[in-house]
Amino acid sequence: MATASLLRRVLVLLTLFCVNDVRSVKLKSDEQAPWTNEFETVELSCVIESISSPSPRIEWKKIKEGNPSYVYFQDRISGDLENRARLREPASLVIENASRTDTAQYRCEVTAPDDQRSFAELLIDLVVRVKPVMPKCAVPTAVPVGKPAEFLCSEEEGFPRPKFQWFRDSEEIPIDPKTSPRFMNASYSMDPETGVLSFAAVRKEDGGEYFCRAKNEAGYSECRAQKMEVYDLNVAGIVLGVVVVITVLALVTAGICCAYRRGYLHSQQKDDKFKAPAKSDGVDYVRTEEEGDFRHKSSFII
């Protein structure tokens with residue numbers, strides 16, 4: 001009898017649990033972290049697993065940088081998805097022509113007034129991946145043997161942020177030169193996060209055509225190939241050039257000194273202190289030592 005009584009109590013508890021469970025709105029999703037490429041279609045899955053209310057209220061909100069805004073409210077799409085989204089019964093949200101601005105967290109909310117647990121919500125994190133555009137590349141045009149060189153590559157549109165690869169003559173340059181027999185003796189370092197390729201001392205073998213590739217999960221883009229020439233440094237030519245310059249400067253200096261000595265560059269000054277006075281009829285002008293000016297004396301008139 002005790003066993004039968006215990007069984008009845010267990011059955012009652014199970015029945016009550018099932019009844020309460022049916023009268024509670026529950027949600028689930030087939031994918032809570034979906035992704036899609038830009039311009040494609042994606043579905044945000046919100047499945048009503050259990051509900052008793054025949055006409056539940058369904059809402060969708062978009063949460064970006066902590067700020068929520070309505071996407072589906074009072075049976076209509078609103079906001080920036082107004083012409084690009086629709087509700088797929090009973091509660092899933094379909095976004096068409098996805099944009100990079102659609103990357104956000106979305107919340108599906110279902111209210112069932114007739115259920116014991118009348119409210120449930122579900123969070124979905126959507127990522128819209130953007131293919132990189134053509135990266136900007138900077139390759140040195142000519143570098144002497146043994147000198148350093150730096151290559152730059154940048155791209156700002158791709159999402160998630162792309163990683164960078166460098167190629168020489170269409171062959172990928174490994175991040176670690178020791179992993180490839182062809183690049184083993186090269187003195188470079190590469191950062192796939194920033195796109196910087198640096199040579200500590202270029203070799204003759206490092207010359208060629210270089211291009212960079214920016215790549216993420218959505219695809220990749222490449223810049224146009226640019227040629228770098230590696231040339232030998234002509235030490236004898238440099239020394240000869242310096243000697244010629246010094247010789248020319250010495251000759252110019254000697255010429256200037258010679259011109260000064262011969263007086264070609266001196267300005268000739270005219271002594272205008274004293275001028276012989278013009279003689280007029282019968283009057284001579286004589287300057288005395290005592291006087292600071294001229295006086296005249298009479299002369300014979302013939």
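Model, not experiment: these values are computed from the prediction.
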Who pairs with A201 by side chain to side chain contact (heavy atoms under 4.5 Å, CB included), at least two apart in sequence or on another chain? S187
I'd like to know if the side chain of T36 and the backbone of V128 have a donor-acceptor N/O pair within less than 3.5 Å. no
Residues in salt bridge (charged side-chain N to carboxylate O under 4.0 Å, His left out) with E157, at least two apart? R100
Residue of the set T111, D115, I48, V110 for which side-chain contact (heavy atoms from CB on, under 4.5 Å) holds with S53: D115
Tell me the disulfide bond (SG atoms under 2.5 Å apart) pairs involving residues 142-201, sequence neighbours left out? C153-C212
Checking I173 against F183 for the side chain to side chain contact (heavy atoms under 4.5 Å, CB included) test, could you report, in this order, the C-alpha distance in whole Å, the side-chain angles of both residues, the deciding distance, and whether it holds? CA-CA 8 Å; I173 302 174; F183 296 91; 4.0 Å; yes
same_hphob_cluster(V230, W166) at 4.5 Å side-chain heavy-atom cutoff: yes
Check for a donor-acceptor pair, side chain of D169 on one end and backbone N or O of E209 on the other, with a separation under 3.5 Å. yes
State which residues pass side chain to side chain contact (heavy atoms under 4.5 Å, CB included) with V127; sequence neighbours excluded, sorted by chain then number. W35, R129, F159
Under the ring pair (Phe, Tyr, Trp, His ring centres under 6.0 Å) test, which residues partner F39, sequence neighbours left out? none
For residues S50 and V25, determine if any side-chain heavy atom of one lies less than 4.5 Å from a side-chain heavy atom of the other. no
Considering residues at least two apart in sequence or located in another chain, which fulfil the side chain to side chain contact (heavy atoms under 4.5 Å, CB included) criterion with E109? E59, K61, R107, F119, E121
Under 3.5 Å, sequence neighbours excluded: what are the donor-acceptor pairs made by side chains of residues 134-152?
none

Show every salt bridge (Lys or Arg N to Asp or Glu O under 4.0 Å) that has at least one partner inside residues 183-194, sequence neighbours left out. K163-E193
More than 12 foreign heavy atoms under 6.0 Å from NZ of K204: is that the case here? yes
E49: partners by side chain to side chain contact (heavy atoms under 4.5 Å, CB included), with sequence neighbours left out: K26, K28
Atom CG of D125 and atom CD of Q105: how far apart are they, to the nearest 0.5 Å? 4.5 Å
Could you tell me the separation between the CZ atom of R161 and the CZ atom of F164, rounded to the nearest 0.5 Å? 5.0 Å
Distance-only donor-acceptor pairs under 3.5 Å for side chains of residues 85-95, two or more places apart:
from : atom 1 : to  : atom 2 : distance (Å)
R86  : NH1    : E96 : OE2    : 2.4
R88  : NH1    : E43 : OE1    : 2.5
S92  : OG     : C46 : N      : 3.1

Residues pairing under ring-ring contact (aromatic ring centres under 6.0 Å, His included) where one sits in residues 52-97, two or more places apart or in two chains, turn out to be Y70-F73
Students should find that the hydrophobic cluster of F211, defined by side-chain heavy atoms under 4.5 Å apart, otherwise consists of F167
